[in-house]
Amino acid sequence: MLSRLSFDTITTDDISFLFADRQTEVHVLRLDKLHPIISGNKWFKLRYYLEEALALGKTGIITFGGAWSNHIVAAAAACRSLGLRATGIIRGKRPAILSSTLREAERWGMQLVFITRAEYRDKYIPPALLTPDDYTIPEGGYGLPGARGAAAITGEAPGDYTHYCCAAGTGTMMAGLIMAGQPSRQVIGIPVLKNKTELEKNIAQLLPASLQHRVATPGWQLIDEYHFGGYAKCNASLTGFMNDFYRQTGIPSDFVYTGKLFYGITELIRNGFFAPGSRLLIVHSGGLQGNASLPKGMLIF
Ligand SMILES: *Cc1c(COP(=O)(O)O)cnc(C)c1O
């Protein structure tokens, strides 16, 4: 049923020329090219939830997100393509002017329901929305079906990599990469929120016991120094880096996730974090639509 969705070809870009002096091979998996709306990791994280909803005979899905949520807009587009009703429960009051993300979600037929920030924290679903015909997908796709879906990301880049590198929000994608990559690969996650301890717990919870605390090579590790102050926090050093990175590689990034990822991994390589001869796959997880929340002219792409 999911074959009703059509996707573009994902490429792997070689950016090793940036790091010639470090003898490190670096490839970028361009999941951002997957689909103009259902971009990046969101499709992978959503697919098993959607399959389960369809298998259970549900006619709609309910999910959660903020005003610039990549998850919300991807869910809206995927549901439209699959003939499912979609309801997005959105954090905060309905603004006079909707964000471009939420306008896009509405354009794909998603019903938006706004709840207060306190209600949102409790994942409150207005009772009128709770019908037996609806299937609820957790915020950000966090959960085992999300991680299992994300594990398939590695199948898009079958190279002989020593490390997978990714941004971590809920940690669902990273959990999937850890499950898929063992036992030979180290997974390096760059948290984009100030939540390393909680994130570590949440990732471990999705993993089989044998992988939960593997911080030695091979295993997994969160490097906490590149969140730039927290979720969606940004400064001139980050946007300056994103512009330089685009000039050098032609790869656009977003300021919430992949900008911080590329910044962090670039610095780690330059600081000698990776042994010479390492072969890295950096997952470009998409999210470019969120850049529309920045003032115009800040980014050159
Ligand atoms: C949602 C998102 C992430 C984070 O994925 P998690 O599985 O929640 O850690 C990373 N990059 C982009 C572009 C995203 O939209």
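Every number for a ligand or one of its atoms is a count from 1 in the order of the listing. Throughout, residue positions are numbered sequentially from 1 according to the sequence presented. All values reported here derive from a predicted model rather than from experimental measurement.
- Side chains of Tyr48 and Arg148: no donor on one and acceptor on the other come within 3.5 Å.
- Between Gly140 and ligand 1, not a single N/O pair is under 3.5 Å apart.
- Defined by atom type and a distance below 3.5 Å, a donor-acceptor pair is missing between the side-chain atoms of Ser39 and Gln289.
- With respect to Asp133 and Arg85, no salt bridge is recorded, no charged nitrogen being found less than 4.0 Å from a carboxylate O.
- An N or O contact shorter than 3.5 Å links Met173 to ligand 1 by distance.
- Relative to the six-membered ring of Tyr120, Arg91 meets both conditions, a distance below 6.0 Å and an angle of at most 45° to the axis.
- Other residues, nucleotides and ligands place more than 12 heavy atoms under 6.0 Å from the CG atom of Leu130.
- Ligand 1 has an N or O atom lying under 3.5 Å from an N or O atom of Thr172, backbone or side chain.
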Please tabulate, for the side chains in residues 151-160, all donor-acceptor contacts under 3.5 angstrom to protein atoms that are two or more places apart in sequence or on a different chain.
residue	atom	partner	partner atom	Å
Thr154	OG1	Ala151	O	2.9
Asp160	OD2	Arg279	NH2	3.3

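- Atom 5 (O) of ligand 1 has as its closest protein heavy atom Asn41 ND2, 3.1 Å.
- Neither the backbone nor the side chain of His71 comes within 4.0 Å of ligand 1, counting heavy atoms alone.
- Atoms of ligand 1 lying under 4.0 Å from any heavy atom of Gly286, numbered from 1 in the order shown and given with element: 13 (C).
- Of the heavy atoms in Val256, none comes closer than 4.0 Å to ligand 1.
- Contact annotation for Thr170 and ligand 1: heavy atoms of both the backbone and the side chain come within less than 4.0 Å of the ligand.
- The ring-ring contact (aromatic ring centres under 6.0 Å, His included) search around Phe241 returns Phe245, Tyr263, not counting sequence neighbours.
- Neither the backbone nor the side chain of Met174 has a heavy atom within less than 4.0 Å of ligand 1.
- Ligand 1 has an N or O atom lying under 3.5 Å from an N or O atom of Asn70, backbone or side chain.
- Summary of contacts: the protein heavy atom closest to atom 10 (C) of ligand 1 is Tyr257 CD2, 3.2 Å.
- For the side chain to side chain donor-acceptor pair (under 3.5 Å) with Arg247, the lone residue among Thr249, Asn243, Asp244 that qualifies is Asp244.
- Residue contacts with ligand 1: Ala167 is placed with no nitrogen or oxygen under 3.5 Å of a nitrogen or oxygen of the ligand (distance criterion only).
- Using a 4.0 Å cut-off between a side-chain N of Lys or Arg and a carboxylate O of Asp or Glu, Arg107 and Glu104 qualify as a salt bridge.
- Protein heavy atom in closest approach to atom 14 (C) of ligand 1: Lys42 NZ, 2.8 Å.
- Inclusion of Ser285 in the set of residues having an N or O under 3.5 Å from an N or O of ligand 1 is warranted.
- Under a 4.0 Å criterion applied to the non-hydrogen atoms of Lys45, ligand 1 contributes the atoms 5 (O), 6 (P), 7 (O), 8 (O).
- Near Gly287, meaning under 4.0 Å from any of its heavy atoms, are these atoms of ligand 1: 13 (C).
- His71 and Thr63 share a side-chain donor-acceptor pair at under 3.5 Å.
- The shell of residues lying under 4.0 angstrom from ligand 1, judged by heavy atoms, excludes Gly40.
- Atoms of ligand 1 lying under 4.0 Å from at least one heavy atom of Ala168, given by number and element, are 9 (O).
- For the 3.5 Å distance criterion, the side chains of Tyr161 and Glu25 fail to qualify, holding no donor opposite an acceptor.
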